Amino acid sequence: MAKVEAKRGLSEERLREFLREMLLIRRFEEKVEERFRAGELPGFLHVAIGQEGVAVGVCQAMEDGDVFASTHRAHGHTLARGTHPNAIMAELYGKMEGCSHGYGGSMHLYDVERGNLGANAVVGGGLPAITGAALAFKLRGEPRVAVAFFGDGATNIGTFHESLNLAQLWQVPAVFVLEDNHWAESTPESQHSPIRDLSKRADAFGMKVMKADGQDVEEVHRVAQRALKHARDGKGPIFMHVETERLVGHYIGDPQVYRDKEQLRELQETRDPITLLREKLGVSDEEFDDADREVQELVDASVEFAKAGTDPKPEDALKNVYA
Amino acid sequence: MAKVEAKRGLSEERLREFLREMLLIRRFEEKVEERFRAGELPGFLHVAIGQEGVAVGVCQAMEDGDVFASTHRAHGHTLARGTHPNAIMAELYGKMEGCSHGYGGSMHLYDVERGNLGANAVVGGGLPAITGAALAFKLRGEPRVAVAFFGDGATNIGTFHESLNLAQLWQVPAVFVLEDNHWAESTPESQHSPIRDLSKRADAFGMKVMKADGQDVEEVHRVAQRALKHARDGKGPIFMHVETERLVGHYIGDPQVYRDKEQLRELQETRDPITLLREKLGVSDEEFDDADREVQELVDASVEFAKAGTDPKPEDALKNVYA
Amino acid sequence: MRELSYREAVRDALSQAMRQDDDIFVMGEDIAEMGGSMGVTAGMLDEFGPDRIRNTPISESAIVGAGIGAAMQGMRPVVEVMYEDFLTVSMEQIVNQAAKHRYMSGGQLKVPLTIRTQGGAGWSPGAQHAQQVEAWFVHVPGLKVVFASTPTDVRGLLWSAIYDDNPVIFFEHRTLYGLKEEVPEELEPIPIGQGRVHREGSDVTVVATGRLLHEALKAAEQAKSEGISVEVWDPRTLQPLDVDGLVASVKKTNRVVVAHEAVTRMGFGAEIAAVVGEQAFDWLDAPVERVGAKFVPLPFAPVMEEYVVPHAADVLEAVKRTVARDA
Amino acid sequence: MRELSYREAVRDALSQAMRQDDDIFVMGEDIAEMGGSMGVTAGMLDEFGPDRIRNTPISESAIVGAGIGAAMQGMRPVVEVMYEDFLTVSMEQIVNQAAKHRYMSGGQLKVPLTIRTQGGAGWSPGAQHAQQVEAWFVHVPGLKVVFASTPTDVRGLLWSAIYDDNPVIFFEHRTLYGLKEEVPEELEPIPIGQGRVHREGSDVTVVATGRLLHEALKAAEQAKSEGISVEVWDPRTLQPLDVDGLVASVKKTNRVVVAHEAVTRMGFGAEIAAVVGEQAFDWLDAPVERVGAKFVPLPFAPVMEEYVVPHAADVLEAVKRTVARDA
Ligand SMILES: Cc1ncc(C[n+]2csc(CCOP(=O)(O)OP(=O)(O)O)c2C)c(N)n1
Ligand SMILES: Cc1ncc(C[n+]2csc(CCOP(=O)(O)OP(=O)(O)O)c2C)c(N)n1
Ligand SMILES: [Mg+2]
Ligand SMILES: [Mg+2]
């Protein structure tokens, strides 16, 4: 299915789906923020507002059987890959109906059935396993691809380099998606990397690079399709360098003392992937509001669902340590 | 001193010194091998036969106050930086007169007075501290340079990448010397790296690369001088990529089952840095034999010295844990 | 006297030390503009500038290792590792390098490095942001290990750690940063290797660290109302351990409970139990009771997290169990 | 019965498992042509080819992590970490990833990964190639920890580790590879979590692992000539621990010595001492004696190395000390 579209470009209908997906992520995360501020949500929460195009573009290009590893900023990837908002919201509330049954939380969303091998709260922590999953696919001759999401900050940690090296050396079907939002928490790229074009870090292993503008979901999707196909066809892993913007704080509640507020506002006005797609498609206010209402309802329902969910029993904590 | 020579090239006299230095390392290591096979030496021993040009070229370009970190293959660097053969041989015999007083062994040769911050038995283990030493020099405004030696195999471990990144980001006076002998133990470069030109790994951090043929000690020295000057002048770290050959096994006793014996013999015949320099200088057999006899005597004496050395008392093991 | 929070006490020790000695600097992730993920270094960038309040990339191996290298040159770096869970990333540098350079060089080198880190459960940081791993480092010759539980202690101990000529792994507990206390006007260094009796008692000694010190004090208060006299003792430094202080208390009370937030199995309490057994076997009227987290990773759901890590009630129960035993 | 060395026994378990199940493969540094730094996998490349006897770059984080990823896909990778000192490099992947994926996912995942490693002192490998770090992993919920001391055990336990659905850290001891023994013709899996009485006795139980098992057996023989009857018990798996087996032995002998090569402080012996105290306090006639390495890194000079790590004489002394105590 995806392949045919890749040739003739995406249908408007499909792009409208993408818009709706991005909107769902946006509204979901805004709701998370609201509920956190209301004191209802425990844990550390990181939203990906501004980066929805990456999640939707990549995840929509993945196929059944593909797997991925996410990061501390995982709601978008997880929603975009089809996990129901109810399951994610329930997880954030620590309920058994959650996608990790209350054991994981926002930084550890899992949905193995949909290929989500886990969000990781250790920067770079999930990359080696993606190389390993891809190795398993290769050894077994399965036409599956393993995808790793990670940020610009993660390109400074050893596991990143080791994982890319192994993947390229062994020519495994993996796609490494760098969500380059130019910040690692409060640390701007200029303070964590001596180079501006982080795709050079893939050159160090001879890995093929594909670039995309993360604020253009259509482009992300197109490039992701090529990347996945390349990997799936046994041509080796791909480093997908996606420039994007974190239009909010690092974590919910971050006052962003370190950030120029004027620049941030400008980014919010000019680089919001939802606004950009909406304008590109010429979606009317009415149509947009309809979609918005629809996703808002989904999101509101997810909160209802989560709150009505089952708290684990304290002793449930003793389960699932060993298989 | 070194600077003037750099401009007009090295004097023949200086090159003859280099030859003698390389010969000293060669004979020292051959003796180590002999004594190991005689059952006199404990521990794991790795000789750098074939790589003497790197050790001599780089170490002779260093200045007083400069520091370095070595690897499991450390005899050459340590000798070339001026530690007396007696002190090294005594260390290999586990004597108190050893350069690490019997606490270290071949893989942990230290000589802090001469800037040797330690040979490291963990691949890549010494690199971060070189970045840190260089940072200290920078913070204190001292015109000193920190040098890290490491092999091609080490370019696959996380600390290597992290250390280069930090060094370049902070523009510290460090020189990273890759001794690229194309083998990591039994693993050929093609099995551990997907790229053939490992200097690309420095490009990933925008670090300036300087290349040298490690079998040509004069070239190594010239390049090392430039590298050290660049770092000392505050222009940032240098990645010095030196191609060299390991003309023997990984460790003493290694049967090298993994290696093409024909190719090895060819390398021994065509790429021996001692032979190459000898031919370049047109050193006569007589002159060579004289030099050889002289270093042999030094080496023999070092064995005498070591054997006559003092064994630590068992309880000495309890010292030097804490300062 | 003035009042300082635990957070402010850490900052005060760092700042005072840095004012006095140019060789001291701090590096870590997001410690500059943001003041660290726990706000400990807030404001210090302004005073000391970016060279000495040094933001780093996410490279826990290299930043610990860079600290080692600077320390070997005679500086006194303080490296902040944001969560102690990430000590796992720098484990090689800590264990094989920092702890061993002095020894392997036969005494030629010193590594006066302090690694500050923090962790702990509470309001669900989850399995990778809430571990307590201090026990590992107690097993590593060459390291010193500190775990500070009050503003006064954290200030005085951090000072000593910075000026110690050895690598010190300095544990703070996340839930304590807001804790306030009157502290001496002048910073009083606290020697590494000295425990502290927080409360005297005669029936049982509770050995407690970090957050559990405070839980133990609560438990002691409750026990008092039930007629049990509890001595509460905080080793404060786990390596070296104040064996004399420990044994003195045990010989007085003849009963011991040891409490920490780390999982019980192979936790620091095991070492306490072993040492007490070795040094005071004949004085012991009951088995050493260990209170620690259950043997599971930290779960997310608050109700499970709460269940997994120990609280005052667990300490109290252990106290009662031990005094209930016949001598 | 046939005779196998410890080395051959490991190889045999690996080979038999790999013949039976295509999902099992081995990866590690220099394990292919060279057969591993200890020769364990020698010859296996020929039989299984480079895909399944997979040489890796020097990337202990990524190769352990790749093992995790393949394991999560249902394969059963065996990763060889050349020296256990290098587990420090992969500590993050082991502790935060392998051990926790199952838990953090609420039971959705399994990580049937075996990490084989080895270490130990003897003829001076030095401070970075001879540590014994098994205790760390016993502190980590989600991991299993095996330490095998004989050819029969290493064969049967490795088989079980490979087929266990959890991550297992599998320790071998370098000095044991040449040790030969008659083993059963057919490989008999040995359940994880079951200790082994190597020698029955009535006066004192010596709990010993790895190389120290053999030292303990020597000590027991010597003790016998002095009229002391020593029971020697090897837990074999440190996590889970065979508490029943341990306690049964202690209740019989009433005295315990625990011996391992790792440094005593915070070593596995501390946990044994604590557990014995908890479970058999009233049966104990003397303090648990711990025998382990002195609290220093491994020195190079053989005379110092010899002094630092424990031998049969140290076990024997501890045995005598404990039986000398009045009940
Ligand atoms: C090993 C490790 N070090 C530090 C942290 C704390 N931390 C969490 S997110 C983050 C920044 C990550 O930056 P980036 O990779 O660019 O991802 P982004 O937050 O921008 O999505 C840091 C430092 C961590 N989780 N893991
Ligand atoms: C972290 C780590 N992994 C594995 C080893 C075992 N080992 C010692 S030397 C070596 C090969 C090193 O290759 P390279 O860096 O190219 O140096 P060379 O031996 O060629 O000088 C290996 C794998 C080690 N010492 N440290
Ligand atoms: Mg980022
Ligand atoms: Mg090499």
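Heavy atoms only: backbone and side chains are in, while hydrogens, waters and symmetry mates are out. Just so you know, these numbers come straight off a predicted model, no measurement behind them. Below, read A as the first sequence line, B as the second, and so on, with proteins coming before strands; counting in each chain starts at 1.
A salt bridge links C/Asp153 with C/Arg236: the closest approach of a Lys/Arg side-chain nitrogen to an acidic carboxylate oxygen falls below 4.0 angstrom. Ionic pairing of B/Glu40 and B/Lys307 is present here: one or more N-O contacts between side-chain nitrogen and carboxylate oxygen are shorter than 4.0 angstrom.
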Next on the checklist: If you apply the rule side-chain contact (heavy atoms from CB on, under 4.5 Å), what do you find for B/His75 with B/Leu92, and how did you get there?
Outcome noted: CA-CA 10 Å; B/His75 309 143; B/Leu92 304 193; 4.0 Å; yes

Item to check | Worked verdict on B/Glu179 versus B/His77 for side chain to side chain donor-acceptor pair (under 3.5 Å) | outcome: CA-CA 12 Å; B/Glu179 293 191 73; B/His77 307 138; 2.6 Å; yes

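Ring to ring, C/Phe268 and C/His260 are not that close: their centroids are 6.0 angstrom or more apart. For an aromatic pair to be called close, the ring centres must be under 6.0 Å apart, and C/Tyr83 with C/His129 satisfies this. You'll find the ring centres of B/His250 and B/His72 inside the 6.0 Å limit.
Of the atoms belonging to C/Met72, it is side-chain heavy atoms, and not backbone ones, that fall under 4.5 Å from chain B. Only the backbone of B/Lys319 comes within contact range of chain C, judged by heavy atoms closer than 4.5 Å. Using a 4.5 Å cut-off between heavy atoms, C/Asp51 contacts chain B through both its backbone and its side chain. Using a 4.5 Å cut-off between heavy atoms, C/Glu92 contacts chain B through its side chain alone, with no backbone atom that close. Heavy atoms closer than 4.5 Å to chain B are found nowhere in C/Asp164, neither backbone nor side chain. For a residue to count as touching a neighbouring chain, one of its non-hydrogen atoms must lie under 4.5 Å from one of that chain's; by this rule C/Leu143 touches chain B with the backbone only. Heavy atoms closer than 4.5 Å to chain B are found in the side chain of C/Arg54, but not in its backbone. When heavy atoms are compared at a cutoff of 4.5 Å, B/Asn120 approaches chain C solely by way of its side chain, counted from C-beta outward.
Interface summary for chain C: among B/Leu169, B/Leu166, B/Val67, B/Ile130, the most heavy-atom pairs under 4.5 angstrom belong to B/Leu166. Per-residue counts of heavy-atom pairs under 4.5 Å with chain C were compared for B/Gly118, B/Gly104, B/Gly125; the largest is that of B/Gly125. Highest contact tally toward chain B, considering only C/Lys144, C/Gln93, C/Arg52, C/Lys110, is held by C/Gln93 [criterion: heavy-atom pairs under 4.5 Å]. With chain C as partner, the option from B/Asp316, B/Thr131, B/Val122 having the largest number of non-hydrogen pairs under 4.5 angstrom is B/Val122. Considering only heavy-atom pairs separated by less than 4.5 Å from chain C, the leading option among B/Ala317, B/Ala167, B/Ala121, B/Gly158 is B/Ala317. Note: B/Ala133 leads B/Ala133, B/Ser163, B/Ala134 in heavy-atom pairs under 4.5 Å with chain C.
Legend: residues meeting side chain to side chain donor-acceptor pair (under 3.5 Å) with C/Glu47, ordered by chain and number and at least two apart, are C/Arg19. Looking at residues two or more places apart in sequence or on another chain, you find a ring pair (Phe, Tyr, Trp, His ring centres under 6.0 Å) between C/Tyr103 and B/Tyr103.
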